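Report on the structure given below.
Letters A, B, ... mirror the listed sequences (proteins, then strands); counts begin at 1. Since this is a predicted model, take the numbers as computed values, not measurements.
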Protein chains: 2
Amino acid sequence: MIQPSACPSGDEKVQLFALLLETNARLARQLGLELEAACGMPLAWFEVLLQLRQAPEGRLKMNQVADAIVHSTGGTTRLVDRLEVAGLVERRSCPNDRRATYVAITPAGDTRLDHALAVHLDYLERHLGARLSGGERETLAALLEKINTAP
Amino acid sequence: MIQPSACPSGDEKVQLFALLLETNARLARQLGLELEAACGMPLAWFEVLLQLRQAPEGRLKMNQVADAIVHSTGGTTRLVDRLEVAGLVERRSCPNDRRATYVAITPAGDTRLDHALAVHLDYLERHLGARLSGGERETLAALLEKINTAP
DNA sequence: GACAAGTTATTGTAGAAGCAAGTATACTCG
DNA sequence: CGAGTATACTTGCTTCTACAATAACTTGTC
């Protein structure tokens, strides 16, 4: 034990949190670099496209995108702007609610996402697949889900 | 299953990765807000101070700080600049290697860190403590360690 | 000892994200 | 119906971070 018990910086939860932060940062950084190098696509773009593909009809409202990727709405507006300029995504008006706008993945976006997914899967195989068994990955997913449940 | 098997976006590892990203982003954002509100301290400052306290003699070299918090060295230079202006940290020359500079936590930094840790522990109790058992936290930590091991 | 190659930190510049304010649309209730 | 409130997005501004180039120093080799 590095720190005496009077000092809470050695607390088990503190360590766990720090570990989570670090693991995530390393994975995200590495994947981001590989994605950028291989596809010219920032990780944030990939996240958006993936969320759109998984959504019913391949589209989400702006605020749903923001929530899914945990960005502010302002940041999401600009992010979608860039994706739209790149032609990977398009805005569509929402007939029921004229305040809202849908973000839909385009065919070009679909193609680019396939390419990015190939890179991503290769990356995951090397990092998650090689280091964790299938059972371990399931366990990890279950634990993260538990943390992620709304308060 | 939402997507047919031909589409790898539903792949188990892809989902796991997305979940990791999301969980981390939510926790970091929430903690960052609470820390900022209660202590006027950004999460990045907290991370640096915590790493310094845990280091032997309460100091690290710049590049060790950068690695520990997963920042670029350029970004770390500026981050330490701000911490130094705030008086929470100080730079010290390294006698053995005059290229390197130590970053050491100051008494003021120690005090602020204690305050921030109180907020942090309260936060962790609510989010990790309440949602995961001690055994689950251990398991999670072990799995993250496995991922985190260098290639 | 001196040159080459590698390491460590800083700086210039650009891009991305957040917050807060602003605009437009929808909902609620008297 | 109309005033007031809530929601959805955008925009202005600021801050933070990364990348690349640079400067200072160390190490290895001849």
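Within 4.0 Å (heavy atoms only), T101(A) reaches sugar-phosphate atoms of the nucleic acid but no base atom. Among the atoms of the strands shown, only primed sugar atoms or phosphate atoms (P, OP1, OP2) are found under 4.0 Å from some heavy atom of L33(A). Contact annotation for R82(A): backbone-only contact, meaning every heavy-atom pair under 4.0 Å involves sugar-phosphate atoms and none involves a base. Within 4.0 Å of T77(A), counting heavy atoms only, lies at least one base atom of the nucleic acid.
In this structure, E47(B) places its CD atom 14 Å from P of dC16(D), rounding to the nearest Å. If you take CG of N96(B) and P of dT26(D), they are 10 Å apart, rounded to a whole angstrom. In this structure, the CG atom of L79(A) is 14 Å from the C1' atom of dT10(D), given to the nearest Å. The separation between N63(B) atom CG and dT26(D) atom C1' is 14 Å, rounded to whole Å. Regarding R92(A), its CZ atom lies at a distance of 19 Å from the C1' atom of dA8(D), rounded to whole Å. Rounding to whole angstrom units, CG of residue D97(B) and P of dT26(D) are separated by 6 Å.
Using a 4.5 Å heavy-atom cutoff, the side chains of E145(B) and T23(A) are not in contact.
In the set dC25(D), dA18(D), dT10(D), dC25(D) carries the atom at the smallest distance from any side-chain atom of R98(B). Out of dT10(D), dT17(D), dA8(D), the shortest distance to the side chain of H71(B) is found at dT17(D).
Using a 4.0 Å cutoff to heavy atoms of chain B, the contacted part of DNA chain C runs 5' to 3' from dG6(C) to dC19(C).
With salt bridges taken as basic N to acidic carboxylate O contacts below 4.0 Å, one links E90(A) and R92(A). Salt-bridge formation is detected for the pair E34(B)/R126(B): a Lys NZ or Arg NE/NH1/NH2 atom is positioned less than 4.0 Å from an Asp or Glu carboxylate oxygen. Using a 4.0 Å cut-off between charged nitrogen and carboxylate oxygen, R26(A) and D67(B) count as a salt-bridge pair.
Contact check of residues 35-44 of chain B against DNA chain C (heavy atom, cut-off under 4.0 Å) returns no residues at all.
Here F17(A) and H127(B) keep their ring centres 6.0 angstrom or further from each other.
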